S.K.: 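Please see the structure below; I have some questions.
For clarity, every value in this text was computed on a predicted model and none was experimentally measured. Numbered from 1 within each chain, the chains take letters A, B, ... in sequence-line order.
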Number of protein chains: 2
Amino acid sequence: MKEISIQVIKRLPRYYRFLSDLESQGIEKISSTKLAAVMSSTASQVRQDLNCFGGFGQQGYGYTVSNLKSEIGKILGLQNVHPAVLLGAGNLGRAIATHMNFESLGFKLKAIFEKDTKIIGTYLRGIKVLSDEDIEAFFAENEADTAFLTLPKDSVEPLIDRLYALGVRNFWNFSHFDIAKKYPDTVVENVHMTDSLMTLCYRINDKEKQPDDANS
Amino acid sequence: MKEISIQVIKRLPRYYRFLSDLESQGIEKISSTKLAAVMSSTASQVRQDLNCFGGFGQQGYGYTVSNLKSEIGKILGLQNVHPAVLLGAGNLGRAIATHMNFESLGFKLKAIFEKDTKIIGTYLRGIKVLSDEDIEAFFAENEADTAFLTLPKDSVEPLIDRLYALGVRNFWNFSHFDIAKKYPDTVVENVHMTDSLMTLCYRINDKEKQPDDANS
DNA sequence: TGTATAATGTTATAAATATAACAAAAGAAA
DNA sequence: TTTCTTTTGTTATATTTATAACATTATACA
């Protein structure tokens, strides 16, 4: 069994989203060519990506939207219910807690921890925000394999140490602390907004430098 | 002048962050080998990346941290002041508005627009939240080339149309609407949190499937 | 029932990216 | 001053990734 490249994996959520759109539009079948068009990709790449996991289409017909969506969902493991805790109930933490539909993304939010006493005790999505100090008490009676970290870099390392000691190995990390370097046996997905904004800045300048590349 | 690949560009913010850390630790010089270690990269890649833009090091010595940081800052264009508007002052918009240090990232937040009348009129970082309806009035007296979109997908398309009509060409987009497909002459940097979380889900499952790859 | 068409699955090629190798240059020490 | 060490800048190679080509298979229609 050949290793699936990270580039393919990162495209799977986009396939899944587009297929969800198509499904809600009532479209029943789709060809690799049309799927490539919505993905801004090529038919070849679509077929190669999908065939990493199996032959989901039918020659001469194409792919059944609902079936392909469901298969990609299975590949991503969205039917899972990874119990997770959220560290940080500031604006970002609250945005994550209220907006993300964890149940359809393979996770279940079990607890929220926060340092700020003004926020502790409030409710988010029916979950009471607990104090940072209660983490160990929570894990004594509950399980969680995943943590979502929406905290500034400086305060995050001791918390990661504690979570790691409690068995948490999966991290959705919005901080700049390099978890994977300290704990190589973890799975870490980073969301670095400042990096993203710097990249935007570069690309704006780059475009302005080459104002007219229609004829390149 | 050869085209710089997007992979190189996406590494620049990380170099910049690590160099900032080194600088604040009082470290004055760094070799490509050591920089590669903190980047979890290779010395070859570090040198090739940097040499896309010029020879910033000295043979036999290495790179001067402050100089290299400053050069990468210039490459990224962080000294710019792109005037920007924020669309959406929900939890995510507030998180962005309060946490991001736009001034050191090449942007200047000029205005915030929101639909929810309960939020309109409140202040974020000293900026009064205005109504969506006031966008055109604002642009009549102010300029902005960039928009940060922290809104759900369904409400975003008409707003993008209006912003595009007003001359906005750069988008930091947290929604799932595909701006670049509709307006190919824009620069769009997407932050797709649900995609990121799905990727995490896949990688957790993948790791659990292959529990022991220490001997691979 | 047979043939034409459409579109996949798969193999082969091209392009892009990362790694390795090495020569050149600067600084340190003898 | 000369040599040795360090480490860059750059060229060459290997690997990975994306694209293109093609043979196969299912469906639709005559």
S.K.: Quick check: on DNA chain D, is the nucleotide nearest A:Arg11 upstream (toward 5') of the one nearest B:Lys34, or the reverse? Name the residue that is more 5'.
M.R.: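 First, find each residue's nearest nucleotide; the 5'-ward one identifies B:Lys34.
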S.K.: Check the distance between C:dA16's P and B:Ile9's CD1 and give it to me in whole angstrom.
M.R.: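 These atoms are roughly 14 Å apart.
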S.K.: Work out which heavy atom in A:Arg125 is nearest to a heavy atom in A:Thr98; give both atom names and the distance.
M.R.: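 Nearest pair, atom of A:Arg125 first, then A:Thr98: NH2-O, 3.2 Å.
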S.K.: If you check the A:Gln45 side chain, which of D:dA18, D:dT7, D:dG9 turns out closest?
M.R.: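 Looking only at heavy atoms from C-beta outward on A:Gln45, the closest nucleotide is D:dA18.
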S.K.: Please tell me which of the listed nucleotides, C:dT8, D:dT10, C:dT11, lies nearest to the side chain of B:Gln48?
M.R.: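 Nearest nucleotide to the side chain: D:dT10.
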S.K.: Separation of B:Lys10 atom NZ from C:dT17 atom P, in whole Å?
M.R.: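 Atom-to-atom, B:Lys10 to C:dT17, this comes out as 13 Å.
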S.K.: Please give, in whole Å, the distance from D:dA18 C1' to B:Ile6 CD1?
M.R.: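 Going from CD1 in B:Ile6 over to C1' in D:dA18 covers 17 Å.
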S.K.: Rounded to whole Å, please give me the gap between CG in A:Leu50 and C1' in C:dG9.
M.R.: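 To the nearest whole Å, that distance equals 11 Å.
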S.K.: Given atom CG of B:Asn51 and atom P of C:dA18, what is their separation to the nearest angstrom?
M.R.: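 These atoms are roughly 15 Å apart.
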S.K.: Given that A:Tyr63 and B:Ser41 both sit by DNA chain C, which one's nearest nucleotide is further toward the 5' end?
M.R.: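 Closest to the 5' end, via its nearest nucleotide, is A:Tyr63.
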S.K.: Please figure out whether A:Gly60 or A:Gln7 has its closest DNA chain D nucleotide nearer the 5' end.
M.R.: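 Taking each residue's closest nucleotide, the earlier one in sequence belongs to A:Gln7.
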S.K.: What's the closest nucleotide to the A:Ser31 side chain, out of C:dT19, C:dT10, C:dA7?
M.R.: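 Taking heavy atoms from C-beta onward, the closest nucleotide is C:dA7.
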S.K.: Which nucleotide in the list C:dA7, D:dT19, D:dG9 gets nearest to the side chain of A:Gln59?
M.R.: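 Comparing C:dA7, D:dT19, D:dG9 against the side chain of A:Gln59, the answer is C:dA7.
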S.K.: Which pair of heavy atoms, one from B:Ile127 and one from B:Leu109, lies closest together, and at what distance?
M.R.: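 Scanning both residues completely, I find the closest heavy atoms to be CD1-O, 3.5 Å.
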S.K.: To the nearest 0.5 angstrom, please state how far the CG atom of A:Leu159 sits from the CG atom of A:Leu151.
M.R.: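 It is 6.0 Å, given to the nearest 0.5 Å.
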S.K.: So does B:Ser5 get a side-chain nitrogen or oxygen closer than 4.0 Å to the phosphate oxygens (OP1/OP2) of C:dA16?
M.R.: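 The answer is no; no side-chain N or O of B:Ser5 sits under 4.0 Å from OP1 or OP2.
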S.K.: Does any N or O in the side chain of A:Lys10 come within less than 3.5 Å of the main-chain N or O of B:Asp195, such that one atom is a donor and the other an acceptor?
M.R.: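 Judged by distance alone, no pair lies under 3.5 Å.
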S.K.: At less than 3.5 Å, do the side-chain atoms of A:Ser44 and the base atoms of D:dA20 form a donor-acceptor pair?
M.R.: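 When only heavy-atom distances are counted, A:Ser44 does reach the base of D:dA20 through a donor-acceptor pair under 3.5 Å.
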S.K.: Got a donor-acceptor contact below 3.5 angstrom from the B:Arg169 side chain to the B:Thr146 backbone?
M.R.: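 Flag not set: sc B:Arg169 to bb B:Thr146 has no pair under 3.5 Å.
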S.K.: Look at the side-chain N and O atoms of B:Ser32 and state whether any lies under 4.0 Å from the OP1 or OP2 oxygen of D:dT8.
M.R.: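 Yes, because at least one side-chain N or O of B:Ser32 sits under 4.0 Å from OP1 or OP2 of D:dT8.
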S.K.: Write down the distance between CZ (A:Phe56) and C1' (C:dG9), rounded to a whole number of angstrom.
M.R.: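 Answer to the nearest Å: 13 Å.
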S.K.: Let me know the distance between OH of B:Tyr61 and P of D:dG9, rounded to the nearest Å.
M.R.: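 Atom-to-atom, B:Tyr61 to D:dG9, this comes out as 13 Å.
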S.K.: If only side-chain N and O atoms of A:Gln58 are considered, is one of them under 4.0 Å from the OP1 or OP2 phosphate oxygen of D:dT27?
M.R.: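 For D:dT27, OP1 or OP2 has a side-chain N or O of A:Gln58 closer than 4.0 Å.
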S.K.: Could you tell me how far apart B:Phe53 (CZ) and D:dG9 (P) are, to the nearest whole angstrom?
M.R.: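 My rounded result for the distance is 14 Å.
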